[in-house]
**Student:** 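I have a structure here, written as structure tokens, and I will follow up with some questions on it.
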Amino acid sequence: KSLPGASWSVSEQVWRVPLSWTTCLALRSTFRSELVIESNLAAWAANEVETRINPANALRELETYEGDSVLFPHQRAGVAFLATAKRALLADEPGLGKTAQAIRALKLLHEREEPVFPILIVCPNTLKKNWAREFNMWWPDVKTQVIKGSALHRKRQFEEPAEVFIINWESLRSHSRLAPYGSVSLTRCKACGGQDEKISETRCEVHKRELNSIDFKAVVADECHRVKDPKSKQNRALLSASGNAEIRFALTGTPISNNVVDMWPILHWISTKDWPSKTKWIERMVDIMLNAFGGMMVLGVKPHMTDEFYKSINPYMRRMLKKVVLPHLPPVMHERRDVEMSTKQKKAYEQMRDLMISELESGDTLAAPSVLTQTIRLLQFASSYATIVVNEATGEPKAVLDSPSCKIDALMDDIENGDFGDDSVAVSAVSKQLINLLSAELTKKKIAHGLITGDQDEDERQKAIDDFQSGAIKWILFTAQAGGVGITLTAARRLIMLQRPWSLVDYKQVLDRVHRIGSEIHDSIVITDYVTEGTIEERVIQVLETKADNFEQIVKDKDQLLKLLQDDKTGNL
């Protein structure tokens, strides 16, 4: 009963479990010497061990491998691993060329006469063209179709002959029915057994759609940490669109953002038979406890289950670190530049900190109804002043960052004083508004620069990257959200962080835009944090650096937030 996927057959009076490698491990560790294995299962297990488990385990930690001379040694080993495992999580650190490994592995399987077409690539919207370019580079013989444009235009593109279809995560659920999950109900139209006549075919979550009409043989889920919520429509659309595809490659440099439970949805997609039930898997593998608010706190893998845990995951997962396989990458140097708030900023900051409300120069007031909103406002005021803008359509007031910004003023002074010399510089911030304020200042000074904020279309975004990489421009500005994954900015000798992301995972993703394959052209990479003195920002950075923890976990815990705010008031930074 404790085995994931186990079900009792009333008619046959037997327990049934999925035929999978993880089930075999669970049976062995549960029943030990009492386990009796009949001949058919023994033959299946022996074949599984010989053809997939042992070869995959032998490849998963190799740093070099013979083969494709155009690839780095670790990439050749990665290609061999993916082609052997067929269903696998490639979790190499960002910057190690996971896209190339996935494409070459698919090509290798095709050369072995294994069916791989048609192929579905699911990736962030900003990476669709990049995947098409990578296919053109690593496997130019195949025809790719990038799904983009309006809903009608996208539907027509599925009718075009192609061997590879590339679609973004957000569009996925518009072109696939949703897979069921637990008790989550599916919206049905009348034709699909629903009772509500108002539910049209387009709103129906059961109706067969374009992706469900294509029998994909291989599916690649790029930046697959986006499916960490198994209940999400995005996750369930991926499950349904993948159909019976035997080849499944999950790619992400950050498979765990909070705790080990984040991995389950990825593993479930890779092999539903091996990881059929999240609840049973957590009960079996994971140490948990409840916090003061009744929420689940994950402590880690149960000590006595560690052996089974790794034996089950290892044949499906490979992870290489940059410092191991690319020791020639330049060292990362960190520096911090402290800035002081302007008088207007400081007044608004202190009012928000002490009273949870700030009176702006315009006479408008900005209130914080909760400690979370208060924390966000303090972090905003630590970077810039704000004004209130009223939405004409809804009449809702909204706070918008505005000048003066102590960080932008300090950065512009440093630029004018020649602190960055002839270096190419990438600048990152969490806030798009802050990036736009900096862009306006650079424009005033006639400093050419590129922008990646989510407001640019794919062509504008790619031109900015190409111009920066070629040296046509020396500055590029990007938000952690829009530019944090999938782009290469290795022309940058410097990365300036105007704001740190709250998440260590997001911070690492931003850093990995400049410190990756290609950055060896520099003798070192300099990361510069602009930090506002005497603000909550100092405390946040301290938490991120000293606890190896995720600040997002803190903002979910009211007690920890209150402590953070109290430390700010008392100056205990």
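Throughout, residue positions are numbered sequentially from 1 according to the sequence presented.
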**Student:** Between Asp506 and Arg500, is there a salt bridge with N-O shorter than 4.0 Å?
**Tutor:**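 Looking at Asp506 together with Arg500, the answer is no, because their closest N to O distance does not fall below 4.0 Å.
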
**Student:** Report the residues that fulfil ring-ring contact (aromatic ring centres under 6.0 Å, His included) with His175, sequence neighbours left out, ordered by chain and then residue number.
**Tutor:**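 His175 satisfies ring-ring contact (aromatic ring centres under 6.0 Å, His included) with Phe158 once adjacent residues are dropped.
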
**Student:** Can you list the residues that meet the salt bridge (Lys or Arg N to Asp or Glu O under 4.0 Å) rule with Arg336, with sequence neighbours excluded?
**Tutor:**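 Testing Arg336 for salt bridge (Lys or Arg N to Asp or Glu O under 4.0 Å), a comparison that skips the adjacent residues, returns Asp338, Glu538.
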
**Student:** Run the salt bridge (Lys or Arg N to Asp or Glu O under 4.0 Å) test against Asp307 and tell me which residues pass, sequence neighbours left out.
**Tutor:**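 Scan of Asp307 (salt bridge (Lys or Arg N to Asp or Glu O under 4.0 Å), adjacent residues dropped) gives Lys311.
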
**Student:** Does Val325 have any side chain to side chain contact (heavy atoms under 4.5 Å, CB included) partners at least two apart in sequence or in another chain, and if so, which?
**Tutor:**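 Counting only residues at least two positions away or on another chain, Val325 forms a side chain to side chain contact (heavy atoms under 4.5 Å, CB included) with Glu63, His74, Leu96, Met320.
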
**Student:** How would you list all residue pairs meeting side-chain hydrogen bond (donor to acceptor under 3.5 Å, both in side chains) that involve residues 235-244, not counting sequence neighbours?
**Tutor:**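 The answer is Asn212-Ser240, Ser242-Trp269.
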
**Student:** Should Arg104 and Val70 count as side-chain neighbours, where that means a heavy-atom distance under 4.5 Å?
**Tutor:**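 Arg104 reaches Val70 side chain to side chain.
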
**Student:** Between Gln469 and Thr490, do the side chains contain a donor N or O and an acceptor N or O under 3.5 Å apart?
**Tutor:**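 The answer is yes; a qualifying pair exists.
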
**Student:** Any side-chain heavy atom of Lys148 within less than 4.5 Å of one from Arg154?
**Tutor:**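 With C-beta onward as the side chain, the pair stays apart.
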
**Student:** How would you list, by chain and number, every residue that makes a ring-ring contact (aromatic ring centres under 6.0 Å, His included) with Tyr310, sequence neighbours excluded?
**Tutor:**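 For Tyr310, no residue satisfies ring-ring contact (aromatic ring centres under 6.0 Å, His included) once neighbours in sequence are set aside.
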
**Student:** Which pairs with one or both residues in residues 76-115 pass ring-ring contact (aromatic ring centres under 6.0 Å, His included), sequence neighbours excluded?
**Tutor:**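 Output for this query lists His110-Phe117, His110-Trp139.
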
**Student:** Stepwise, does the side-chain contact (heavy atoms from CB on, under 4.5 Å) test hold for Arg173 with Gln234?
**Tutor:** CA-CA 6 Å; Arg173 66 186 186 188; Gln234 198 163 264; 5.5 Å; no

**Student:** Going by the rule ring-ring contact (aromatic ring centres under 6.0 Å, His included), which residues pair with Tyr316 if we only count those two or more places apart in sequence or in a different chain?
**Tutor:**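 Here the qualifying residues are Trp275.
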
**Student:** Compute whether any side-chain donor of one residue and acceptor of the other, for Asp274 and Ser271, lie under 3.5 angstrom apart.
**Tutor:**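 Present: a donor and an acceptor within the cut-off.
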
**Student:** For Lys278, give me all partners under salt bridge (Lys or Arg N to Asp or Glu O under 4.0 Å), at least two apart in sequence or on another chain.
**Tutor:**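 Applying salt bridge (Lys or Arg N to Asp or Glu O under 4.0 Å) to Lys278 gives none.
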
**Student:** Please enumerate all residues that pass side chain to side chain contact (heavy atoms under 4.5 Å, CB included) together with Arg76, with sequence neighbours excluded.
**Tutor:**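 Per chain and number, Arg76 pairs via side chain to side chain contact (heavy atoms under 4.5 Å, CB included) with Thr64, Tyr65, Asp68, Leu71, Pro73.
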
**Student:** Partners of Ile288 by side chain to side chain contact (heavy atoms under 4.5 Å, CB included), sequence neighbours excluded?
**Tutor:**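 With sequence neighbours excluded, Ile288 shows a side chain to side chain contact (heavy atoms under 4.5 Å, CB included) to Ile282, Val286, Met296, Val298, given in chain and number order.
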
**Student:** Going by ring-ring contact (aromatic ring centres under 6.0 Å, His included), name the residues that satisfy it together with His268, two or more places apart in sequence or in a different chain.
**Tutor:**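 Listed in chain order: Trp264.
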
**Student:** With no hydrogens and no angle check, just 3.5 Å: does a side-chain donor-acceptor pair link Ser29 and Arg284?
**Tutor:**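 There is such a pair between these side chains.
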
